[in-house]
Amino acid sequence: MSPHEQGNQIEKIIEFHAYPYADGYRFRSPFEYRTRTLDMLEVDGVRYRFQSLFDRARAGEFARFKKDFESRVGMPTTDLEYFCFETLDEVLRAYGIVYDCTRCNWLKEDLGFMDNDGRVFLTGTGNERFIFDYLVDYMSRYCDDDGDLYPPFVYGMAAYYGGYGLGGDDIETLKSQFRDELAARPDMNFLEEFHKGRKSSIRRHFTYFVISAFLCEEVLDRHGFDEVMKLTRSGRSGEQFFETLESMLGVGEDEFHEFITQLIRDDD
């Protein structure tokens, strides 16, 4: 009879590393032991750890972005060890997670995340330039002392700088996708879709994240990075988001749909 049939369910199977201590053993996370044989290469200050093929050019892009972004937000450069695993299963195994019914690691992330007080970044995508999740975790860890970051806009920034999520669709690709969606649904209103939050998506991309990426680009072009940061600090629930947006771009909620339509317009 299976555990499920018995009314039980195995949620996780976890391994520990046993190491000699005095007359017996102690137990710890197997991460250090499991990753000891990974190759290592330092690229512009970022120490990469990897097991198979490695794209140094993409690693260099990430390292340059990291250094520039730290400077932009006024933070000192931090040491970073970047573990570039090829699959989620490899990430799980490194942490000693043999089985997890949710297929997520213990931080409830499955693409990329920081660990060890921000000194480590890991991804199970095989991507040496996974800026999207790095930026999201960086902002949460280093730029949210007041607890006023507006998550949708932070994810929008991440999509602008790093491409959206796992697929990495860049800003021009996202604009093309939104143009196609608007052509297929001419009655769609971008303000309404924005307010739907995670209940609205286009090409499996959350609509309000992508709209935030478009706004990030526009504010950056017109006013610079400091003003972009003001929009990120619109309150946890976006209490000041539209007020701040109107002060920067002269766009209120009444003009929002038409403005986003203009931003995605194909000028070619």
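In this structure, Tyr208 has its ring center no closer than 6.0 Å to that of Phe241. Between Phe62 and Tyr134, the ring centre distance stays below 6.0 Å.
Annotation for Arg204: atom CZ does not count as buried by contact number, only 12 or fewer foreign heavy atoms lying within 6.0 Å. A 6.0 Å sphere centred on OH of Tyr19 holds more than 12 heavy atoms belonging to other residues, nucleotides or ligands. Other residues, nucleotides and ligands contribute at most 12 non-hydrogen atoms within 6.0 Å of the CG atom of Asp79.
Phe206 pairs by the ring-ring contact (aromatic ring centres under 6.0 Å, His included) definition with Phe209, not counting sequence neighbours. Contacts of Ile13 classified as side-chain contact (heavy atoms from CB on, under 4.5 Å), with partners at least two apart in sequence or in another chain: Ile10, Val98, Tyr99. The side chain to side chain donor-acceptor pair (under 3.5 Å) search around Arg72 returns Asp68, not counting sequence neighbours. Under the ring-ring contact (aromatic ring centres under 6.0 Å, His included) criterion, Phe85 pairs with no residue at all, not counting sequence neighbours. Thr207 pairs by the side chain to side chain donor-acceptor pair (under 3.5 Å) definition with Ser200, not counting sequence neighbours. The side chain to side chain donor-acceptor pair (under 3.5 Å) search around Asn116 returns Arg119, not counting sequence neighbours. For Phe31, the ring-ring contact (aromatic ring centres under 6.0 Å, His included) partners two or more places apart in sequence, or in a different chain, are Phe83, Tyr95. Qualifying side chain to side chain donor-acceptor pair (under 3.5 Å) partners for Thr78, counting only residues two or more places apart in sequence or in other chains: Glu70. Residues passing the ring-ring contact (aromatic ring centres under 6.0 Å, His included) test with Phe259: none are found, sequence neighbours excluded.
Sequence neighbours left out, the pairs with a member in residues 37-55 that pass side chain to side chain donor-acceptor pair (under 3.5 Å) are Arg49-Glu81, Ser52-Glu86. Residue pairs that meet the side chain to side chain donor-acceptor pair (under 3.5 Å) test with at least one member in residues 241-251, sequence neighbours left out, do not exist here. Residues in residues 251-260 take part in these side chain to side chain donor-acceptor pair (under 3.5 Å) pairs, two or more places apart or across chains: His195-Glu253.
Using a 4.5 Å heavy-atom cutoff, the side chains of Tyr142 and Val73 are not in contact. Between Ser212 and Phe194, some side-chain heavy-atom pair lies under the 4.5 Å cut-off. In this structure the side chain of Val228 reaches within 4.5 angstrom of the side chain of Phe153, judged on heavy atoms. Side-chain contact check for Phe50 versus Glu128: every heavy-atom pair is 4.5 Å or farther apart. The shortest side-chain heavy-atom distance between Tyr82 and Phe130 falls under the 4.5 Å cut-off. Contact check for Val210 versus Ile202: no side-chain heavy atoms found under the 4.5 Å cut-off. Put simply, the side chain of Leu231 reaches to within 4.5 Å of the side chain of Ser234, judged on heavy atoms. Using a 4.5 Å cut-off on side-chain heavy atoms (C-beta onward), Ile131 and Arg129 make contact.
For the pair Thr232 (side chain) and Met229 (backbone), a donor-acceptor distance under 3.5 Å is present. Under the 3.5 Å distance criterion, the side-chain polar atoms of Thr123 are left unmatched by any main-chain donor or acceptor of Cys84. A donor-acceptor pair is defined here as one N or O able to donate and one able to accept, closer than 3.5 Å; such a pair exists between the side chain of Arg179 and the backbone of Ile264. For the pair His223 (side chain) and Met248 (backbone), a donor-acceptor distance under 3.5 Å is present. In this structure, Arg93 contributes its side chain and Glu90 its backbone to no donor-acceptor pair below 3.5 Å.
Hydrophobic cluster membership differs between Val91 and Phe16, with clusters built from Ile, Leu, Val, Met, Phe, Trp and Tyr side chains linked at under 4.5 angstrom.
Remark: Asp180 engages Arg203 in a salt bridge, criterion side-chain N to carboxylate O under 4.0 Å. Comment: Glu193 engages Lys196 in a salt bridge, judged by a side-chain N to carboxylate O separation of less than 4.0 angstrom. Salt-bridge annotation for Asp144 and Arg236: present, with a side-chain N of the basic residue lying under 4.0 Å from a carboxylate O of the acidic one.
To the nearest 0.5 Å, the span separating OG1 on Thr125 from CG on Asp133 amounts to 8.5 Å. Here CZ of Phe242 is found 5.5 Å from CG of Leu191. Values are rounded to the nearest 0.5 Å. Here Asp226 contributes atom CG and Leu220 contributes atom CG; the two are 10.5 Å apart, rounded to the nearest 0.5 Å. Remark: Glu239 CD to Asp148 CG distance equals 9.0 Å, nearest 0.5 Å. Lys67 NZ to Thr77 OG1: the interatomic distance, rounded to the nearest 0.5 Å, is 6.5 Å. Atom OH of Tyr164 and atom CG of Leu174 lie 9.0 Å apart (nearest 0.5 Å).
Taking the six-membered ring where the residue is Trp, Phe178 and Phe190 present parallel rings, their angle staying beneath 30° rather than reaching 60°. Classified by interplanar angle (parallel below 30°, tilted 30° to 60°, perpendicular above 60°), the ring pair Phe132/Tyr155 is tilted.
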- Report the C-alpha separation of Glu218 and Gln262 in whole Å, then their side-chain angles, then the decisive distance to 0.1 Å, and conclude whether the side chain to side chain contact (heavy atoms under 4.5 Å, CB included) test is met. CA-CA 11 Å; Glu218 187 68 10; Gln262 293 176 6; over 6 Å; no

- Please lay out, stage by stage, how Thr173 and Asp170 fare under the test side-chain hydrogen bond (donor to acceptor under 3.5 Å, both in side chains). CA-CA 5 Å; Thr173 301; Asp170 63 19; 2.8 Å; yes

- Query: What do the steps show when you test Phe69 against Phe225 for side chain to side chain contact (heavy atoms under 4.5 Å, CB included), and what is the final call?
  - Reply: CA-CA 10 Å; Phe69 193 77; Phe225 186 81; 3.8 Å; yes

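Nearest heavy-atom pair across Ala59 and Phe54 is CB-CZ, 3.6 Å.
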